[in-house]
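Since this is a predicted model, take the numbers as computed values, not measurements.
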Amino acid sequence: GYYYDSGDGDVTPESTFVTKTGTVSVVAGSNSVIGTNTLFTTEYAIDDIIYFSSTKAAKVTFIDSNTSITIDKVFDTAITFGL
């Protein structure tokens, strides 16, 4: 689990994330995130949380390029998500 500050309780986890550029894909069982039209090197830093859905998020552990990052977990199902 990851922590987010809910303030006075009138926000949702989704509303605390900022929209980023591009679309990402993660293969089931992989911790590699592949981006299309993404700007990982300028929009993310190590230890940032990348938000995929209301039930899927992960911490960025390595930024390889604008189109490739590594996250701290794997998911049982594939992900395709517009940032």
Side-chain angles (χ1 to χ4, degrees):
Y2 299 103
Y3 168 82
Y4 76 97
D5 185 356
S6 64
D8 61 7
D10 66 348
V11 298
T12 62
E14 296 85 0
S15 68
T16 63
F17 289 94
V18 176
T19 301
K20 305 288 185 171
T21 305
T23 301
V24 296
S25 297
V26 182
V27 175
S30 174
N31 67 339
S32 294
V33 179
I34 304 302
T36 303
N37 299 317
T38 47
L39 300 171
F40 292 148
T41 60
T42 56
E43 293 185 339
Y44 287 94
I46 303 300
D47 292 330
D48 278 358
I49 303 298
I50 184 168
Y51 170 82
F52 301 109
S53 73
S54 63
T55 60
K56 293 181 180 172
K59 189 179 290 188
V60 175
T61 60
F62 184 74
I63 301 169
D64 185 47
S65 68
N66 268 330
T67 58
S68 177
I69 61 174
T70 303
I71 55 176
D72 70 336
K73 59 174 63 175
V74 299
F75 299 103
D76 294 336
T77 56
I79 299 170
T80 300
F81 182 74
L83 298 173

**Complete:** In terms of heavy-atom contacts, Ala57 and Ile49 come closest through CB-CG2, 3.9 Å
**Fill in**
Tightest non-hydrogen contact, residues Tyr51 and Phe81, listed as O-CE2, 3.3 Å
**Request:** Mind checking side chain to side chain contact (heavy atoms under 4.5 Å, CB included) for Ser65 and listing every partner two or more places apart, or none if nothing turns up?
**Result:** Thr67, Ser68
**Message:** For a quick test of reading the model, state the closest non-hydrogen atom pair linking Ala58 to Lys73 and the distance between them.
**Reply:** CB-CG, 3.7 Å
**Item:** Point-to-point distance, once rounded to the nearest 0.5 Å, from CD1 of Ile69 to CG of Asp64
**Value:** 10.5 Å
**Request:** Could you go through the side-chain contact (heavy atoms from CB on, under 4.5 Å) check for Thr23 and Thr80 one step at a time?
**Result:** CA-CA 7 Å; Thr23 301; Thr80 300; 4.1 Å; yes
**Request:** Would you check if the side chain of Asp48 reaches a backbone N or O of Val60 as a donor-acceptor pair within less than 3.5 Å?
**Result:** no
**From CG (Asn31) to CZ (Phe62), nearest 0.5 Å** = 11.5 Å
Listed pairs under 3.5 Å, donor-acceptor, residues 33-43 side chains, sequence neighbours left out:
from	atom 1	to	atom 2	distance (Å)
Thr38	OG1	Asn66	O	2.6
Thr41	OG1	Asn66	OD1	2.6
Thr42	OG1	Leu39	O	3.4
Glu43	OE1	Thr21	N	2.9
Glu43	OE2	Thr21	OG1	2.7

**Item:** Same cluster (ILVMFWY, side-chain, under 4.5 Å), Ile46 and Val26
**Value:** yes
**Message:** Please report the interatomic distance CD1(Ile79) to CD1(Ile50), rounded to the nearest 0.5 Å.
**Reply:** 9.0 Å
